[in-house]
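Here the structure comes first, spelled out in structure tokens, and everything after it is commentary.
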Amino acid sequence: QSALTQPASVSGSPGQSITISCTGTSSDIGAYNHVSWYQQNPGRAPKLMIYDVTNRPSGVSTRFSGSKSGNTASLTISGLQAEDEADYYCSSYTFGLSPAIFGGGTRLTVL
Amino acid sequence: EVQLVESGGGLVQPGGSLRLSCAASGFTFSIYWMDWVRQAPGKGPEWVANIKGDGSERYYLDSVKGRFTISRDNAQNSLYLQMNNLRAEDTAVYYCARDLSMEQFDYWGQGTLVYVSS
């Protein structure tokens, strides 16, 4: 099992929207609607931002949204704010060597 | 408030052992699958092991099978990871995490660093 593929970095200005892609295979993202996204600040634990492709946990801003098409999932952050600057990881349920597979992470920079 | 607090990490020589603990509070521990997820420096997270709420099912990453053992004590609201025959590639921050559903983790501990080096 290879890690899910994410761009190493994305950037945007305050108020803009950005999208982070996460590409997997027909054995993970393409097979299950159990894609999640995590935000991680330096030295901190990951925080769940999206689960089951599109759902937001209580307390997560509506500026965060998720989607999926085929083997690729996406996280969109609208109305970028300075506090959104962090690393973002995608994850998918999978049937294989391990039940969860993660992406390599995307560093979001707010210009 | 849900809290997960790990302990037990540290510096260990290759071939050595460590036992990680995770103290849970603020939720009904016994009904949740619980997982250990690790993150090597500068890398993405990696799932390590999980255990069903009643302890009847346990699963492991291939590379840790036979070396790591996950367990839980529901009376003490605690999760454990016994790690034996540690290797340099096991160096990472180890997190305990609550499984919301289908390996999606809604609460994480603060992590404990395991550093395997001679």
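These numbers were taken from a predicted model, which means no experiment stands behind them. Just so we're on the same page: letters track the sequence lines, and every chain starts at 1. In what follows, every heavy atom counts, from backbone to side chain, and hydrogens, waters and symmetry copies are set aside.
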Next item on the list: Side chain from CB out, backbone as N, CA, C, O: work out which of these in B:Glu46 comes under 4.5 Å of a heavy atom of chain A, or both, or neither.
Entry: backbone

Margin query: Side chains of B:Tyr59 and B:Glu57 only: does a donor on one sit below 3.5 Å from an acceptor on the other?
Written below: yes

Notebook entry, point to check: Cut-off 3.5 Å, side chains only: do B:Glu103 and B:Asn50 have a donor facing an acceptor?
Noted result: yes

Next item on the list: Examine whether an atom of B:Tyr60 lies under 4.5 Å from a heavy atom of chain A, and if so say whether it belongs to the side chain, the backbone or both; otherwise answer neither.
Entry: backbone

Margin query: Would you say A:Ser74 and A:Ser21 are linked by a side-chain donor-acceptor pair, where the criterion is simply a distance under 3.5 Å?
Written below: no

Item checked: Side-chain touch A:Gln6/A:Ile20, heavy atoms, less than 4.5 angstrom -> yes

Notebook entry, point to check: Below 4.0 angstrom, N of the basic side chain to O of the carboxylate: do B:Asp90 and B:Arg87 qualify?
Noted result: no

Next item on the list: Give the member of A:Tyr51, A:Tyr38, A:Tyr32 that has the highest number of heavy-atom pairs under 4.5 Å with chain B.
Entry: A:Tyr38

Notebook entry, point to check: Non-hydrogen atoms of chain A under 4.5 Å away: do they reach the side chain of B:Val48, the backbone, both or neither?
Noted result: neither

Notebook entry, point to check: Top residue by heavy-atom pair count (under 4.5 Å) with chain B, among A:Pro57, A:Gly105, A:Pro46?
Noted result: A:Pro46

Notebook entry, point to check: Any idea which of A:Val35, A:Leu48, A:Asp87 has the most non-hydrogen atom pairs under 4.5 angstrom with chain B?
Noted result: A:Leu48

